[in-house]
Visitor: 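The structure under discussion is supplied below as structure tokens; questions concerning it will follow.
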Amino acid sequence: MPPSVTLWTHALAALLFGALALTQIRRGSATLPRATFVLALGATALWALSVAGIGSGDVATRIADGARNLTWLAFMYILARRHTVADNQRWRAVLYVACALLTVLATGLGVAEAASELSQAAAVIAPTRLAMRMLGTLATLLLVYRIQAAATRGGVRIVALALAIMFSLDLLTHITSMTNPGWARDLGAIRGVGLVGIAPLFGMAIHRDGEWTLQVSRRLAFATLSALLLGAYLAITGLTAGLLAELGGDRARMVQTVFVFGTAAAVLTIVSTPWLRATAKVLVAKHLFSHRYDYRAEWLRFNDTLGTPGESAAPLAVRVVKAVADVTDSPGGLLLVARDGALERGADWNWPAEDNDPTDSNAALHAYLAKTRRIIELDAVRGDTAIAGDRAATPTWLIERPEAWAIVPLLHFEHLTGALVLARPPLDRALDWEDFDLLGVAGRQVASYLAEDRAHDALADAQRFDEFNRRFAFIMHDLKNLVSQLTLLARNAERHADNPAFRADMVETLRDSSQRMNTLLARLSQHHGGRGEALRPVALRALAERIAAARRAQHPIAVTGLASATAIADPAGLETLLGHLVQNAIEASAATTPVALNILAATDGSGVSVEVIDRGCGMSPAFIRDRLFKPFVSSKEGGFGLGAFEARQLAEAMGGNVSVESRPGEGTCFRVTLRAVGELEQAA
């Protein structure tokens with residue numbers, strides 16, 4: 001890299017650390033030792049300024065470097081005494097004194113090397129100085145790690161992280177200076193960039209007064225760790241390649257190529273293994289975070305898996321298994337469904353396809369999970385370290401499957417809906433309290449999904465039964481009308497069987513009744529959609545005459561009114577509608593009192609109407625208002641109360657309506673109003 005990069009990065013670092021020292025003086029953190037922290041920041045600023053101004057090999061720069069390290073050691077010692085607990089304070093003091101002596105000796109050798117006019121003396125001093133610097137820096141890193149591991153305050157952890165980065169860059173610089181001095185200039189620039197990068201960490205520790213915990217996402221932590229490992233790999237590969245270039249002779253290029261290619265292939269192979277990813281995840285979570293799981297990320301992934309939309313998505317039961325298995329990085333799982341006091345095998349995700357395990361011995365497991373709601377760790381059961389209840393309830397077929405890792409009960413409102421068997425994750429480990437807590441919550445959540453899905457299926461079945469029952473109720477009503485019609489026909493046949501006209505009417509009535517029965521059977525079929533025919537022009541006079549002819553042997557019916565009136569209707573639906581009203585009129589009338597079908601134009605000119613008029617007992621206004629058009633409410637003994645209700649529904653489906661006028665003791669007039677043909681043409 002150009003020398004200007006080293007100059008500008010160290011100059012900027014000097015400015016930043018000088019500003020941090022002033023900030024600590026004016027408004028310092030009460031958590032961090034103020035005096036030593038100011039001295040350490042100031043010494044770092046002076047050292048960076050000397051590197052930028054006069055170079056890293058000058059006597060003054062090496063003295064400033066030693067002063068910087070000594071002040072940071074003093075700061076670390078006071079920080080450790082304040083925020084960590086040690087079993088032996090004396091040994092801790094000895095370690096810090098040893099690091100300080102190594103720093104002083106290395107600084108003295110560095111001054112001697114820089115001041116020496118003999119190249120031979122400098123060549124002897126340099127390796128010793130670098131060895132001491134590496135040893136002292138390595139010991140300092142260990143002390144930093146002890147502070148970070150024992151610290152409970154966020155500001156202390158931030159400072160420990162910044163110091164770890166700073167001394168790691170120092171260690172890398174010393175190693176490179178010893179193995180490949182030609183790269184020292186480039187690493188000097190990288191060292192300056194690192195100092196600029198860690199300055200904000202010190203600033204956050206000062207600004208938050210130690211009460212702020214660094215909230216770094218696990219994804220960022222993994223990315224940072226990957227970048228650091230990649231950088232270390234490139235640095236080691238480069239250093240090794242440089243050594244091979246010097247030692248390889250004429251075939252150095254070939255040896256370098258083989259080395260780089262071989263190490264790259266080995267690294268890619270290792271990185272691609274699930275075990276390494278799981279191990280890295282555990283290490284990062286264990287050493288950088290207070291909890292194993294990133295609960296926000298786990299919850300988002302969990303819900304995303306369960307709520308995947310679309311027809312191409314896996315069934316809900318499979319998504320349930322995958323969602324819970326992903327929590328613990330399990331590669332597969334098996335759902336056991338609770339039914340009739342036992343656990344039956346259900347859906348699975350990445351569970352061995354050749355599995356034919358028996359499930360007839362799961363009743364004990366069902367009873368145990370429903371009672372205790374425990375998560376069973378199968379390795380503990382196999383090792384006889386589990387409690388007696390876990391051992392007694394676990395089926396033999398699960399114990400004999402080594403990949404089975406844990407059993408998670410699925411509870412919905414204290415009711416066991418099933419259990420999940422999780423496969424062993426790539427990084428084999430024992431379950432801890434976080435696993436139990438998170439799996440318990442996840443089990444309850446997926447149990448609610450499964451219960452809701454079952455309730456949805458039950459509701460769909462209930463709706464289908466409701467539709468069937470509703471259809472059957474209407475059919476029973478129509479069937480009752482047919483029975484009443486045929487009963488009256490049989491009664492009249494006893495008196496008028498010798499009349500040829502009556503016999504002709506009787507045949508027509510029987511033909512109409514058989515057709516209506518076939519229609520009822522079709523409506524009762526589950527394949528019948530319940531929809532009528534398409535609306536089309538219907539001649540009302542002809543339809544009324546046909547209805548009257550079909551019932552004339554049952555009761556006298558008169559047809560009056562317009563001869564050319566045409567309505568827009570469903571012919572079959574309109575015939576059923578008028579049939580209900582005519583049958584009600586017949587049942588309300590005396591045997592010799594005719595029922596009238598009158599066709600007329602609507603009074604408001606909006607269509608055509610068919611009136612069904614009887615001179616029966618009539619209805620009160622209260623009954624018409626409150627009960628007439630309600631299903632299953634009837635004024636007749638044994639009636640279903642569906643005739644008027646279905647008539648109104650059929651009329652509204654055709655864009656019409658049904659109105660009624662009635663007086664007790666005088667009779668009733670039902671008026672069915674429909675759109676006329678001319679209205680449809682105007683609308684079109």
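All residue numbers in this chain count up from 1 along the given sequence.
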Visitor: Roughly how far, to the nearest 0.5 Å, is CG of L369 from CD1 of I376?
Guide: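 Result: 5.0 Å between the selected atoms.
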Visitor: Can you name the nearest heavy-atom pair linking L141 to S168, along with the distance?
Guide: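 For L141 versus S168, the nearest heavy atoms are CD2-OG, 3.7 Å.
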Visitor: Counting C-beta onward and ignoring hydrogens, is there a side-chain heavy-atom pair between D326 and F302 closer than 4.5 Å?
Guide: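 SC-SC contact between D326 and F302 ruled out.
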Visitor: When rounded to the nearest 0.5 angstrom, what distance separates CG in L201 from CG in L161?
Guide: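 Atom-to-atom, L201:CG and L161:CG are 5.5 Å apart.
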Visitor: So which heavy atom on L365 is nearest to which on P395, and how close?
Guide: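 Nearest pair, atom of L365 first, then P395: CD2-CD, 3.9 Å.
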Visitor: Keeping S330 on the side-chain end and A423 on the backbone end, is there a donor-acceptor pair under 3.5 Å?
Guide: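 Yes; at least one donor-acceptor contact below 3.5 Å.
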Visitor: Among residues two or more places apart or on two chains, list those pairs meeting salt bridge (charged side-chain N to carboxylate O under 4.0 Å, His left out) that have a residue in residues 386-398.
Guide: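 Applying salt bridge (charged side-chain N to carboxylate O under 4.0 Å, His left out) to every pair that reaches into residues 386-398, excluding sequence neighbours, yields R374-D390.
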Visitor: Have a look at I407 and tell me which of L398, L420, I375 forms a side-chain contact (heavy atoms from CB on, under 4.5 Å) with it.
Guide: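 Among L398, L420, I375, the one meeting side-chain contact (heavy atoms from CB on, under 4.5 Å) with I407 is L398.
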Visitor: Side-chain contact test, heavy atoms from C-beta onward, threshold under 4.5 Å: evaluate it for N350 versus P331 and give yes or no.
Guide: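 Side chain of N350 against side chain of P331, heavy atoms only: no contact under 4.5 Å found.
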Visitor: Which value, rounded to the nearest 0.5 Å, describes the distance between L143 atom CG and L79 atom CG?
Guide: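 Separation between the atoms: 11.5 Å.
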Visitor: Say you draw a straight line from CD1 of I147 to CE of M76; how long is it, rounded to the nearest 0.5 Å?
Guide: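 Atom-to-atom, I147:CD1 and M76:CE are 4.5 Å apart.
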Visitor: Tell me every residue that passes side chain to side chain contact (heavy atoms under 4.5 Å, CB included) with L138, counting only those two or more places apart in sequence or in another chain.
Guide: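 Here the qualifying residues are L171.
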Visitor: Taking atom CG of L334 and atom CZ of R401, what is their separation to the nearest 0.5 Å?
Guide: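 Answer for the CG-CZ pair, L334 versus R401, is 8.5 Å.
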Visitor: As an exercise, state the distance from OG1 of T140 to OH of Y96, rounded to the nearest 0.5 Å.
Guide: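 If I round to the nearest 0.5 Å, the distance is 8.5 Å.
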Visitor: Can you say whether the rings of F75 and W72 are parallel (under 30°), tilted (30 to 60°) or perpendicular (over 60°)?
Guide: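 Geometry flag for W72 against F75: perpendicular rings.
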Visitor: Are the side chains of Y145 and L163 in contact, using a 4.5 Å heavy-atom criterion?
Guide: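 Side chain of L163 against side chain of Y145, heavy atoms only: no contact under 4.5 Å found.
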Visitor: If you take all heavy atoms of L650 and G573, which pair is closest and at what distance?
Guide: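 Smallest interatomic distance, heavy atoms only, reads CD1-O, 3.7 Å.
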Visitor: Which heavy atom in L336 sits nearest to a heavy atom in R345, and how many Å separate them?
Guide: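 Reported closest heavy-atom pair: CD2-CA, 4.0 Å.
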Visitor: Any side-chain heavy atom of V320 sitting closer than 4.5 Å to one from L306?
Guide: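 Touching, per the 4.5 Å side-chain cut-off.
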Visitor: For a side chain to side chain contact (heavy atoms under 4.5 Å, CB included) check, start with the C-alpha distance between W351 and V421, then their side-chain angles and the critical distance, and finish with the verdict.
Guide: CA-CA 10 Å; W351 196 258; V421 181; 3.7 Å; yes
Visitor: Side chains of W397 and N362: any donor to acceptor distance under 3.5 Å?
Guide: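 Checked: N362/W397 side chains pair up, N/O donor to acceptor below 3.5 Å.
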Visitor: Using the rule given for side chain to side chain contact (heavy atoms under 4.5 Å, CB included), can you reason through D379 versus R424, listing the C-alpha separation, both sets of side-chain angles and the distance that settles it, and then say yes or no?
Guide: CA-CA 10 Å; D379 285 343; R424 190 179 306 278; 2.6 Å; yes
Visitor: So that I can tick it off, tell me whether D304 and R301 are bridged by a salt bridge, with the cut-off set at under 4.0 angstrom between side-chain N and carboxylate O.
Guide: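 The answer is no: the pair does not qualify as a salt bridge.
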Visitor: Quick check: do L439 and V324 have side-chain heavy atoms less than 4.5 Å from each other?
Guide: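 L439 reaches V324 side chain to side chain.
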Visitor: Between P409 and L416, which heavy-atom pair has the shortest distance, and what is it?
Guide: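 So the minimum-distance heavy-atom pair works out to CB-CD1, 4.0 Å.
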Visitor: Are T328 and W405 packed together at the side-chain level, in the sense that at least one heavy-atom pair is separated by less than 4.5 angstrom?
Guide: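 Yes; the side chains approach each other to less than 4.5 Å.
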Visitor: Between side-chain atoms of residues 446-454 and protein atoms elsewhere (two or more places apart, or another chain), which donor-acceptor pairs fall under 3.5 Å?
Guide:
{"from": "S448", "atom 1": "OG", "to": "Q445", "atom 2": "O", "distance (Å)": "2.5"}
{"from": "R454", "atom 1": "NH2", "to": "T417", "atom 2": "O", "distance (Å)": "3.1"}

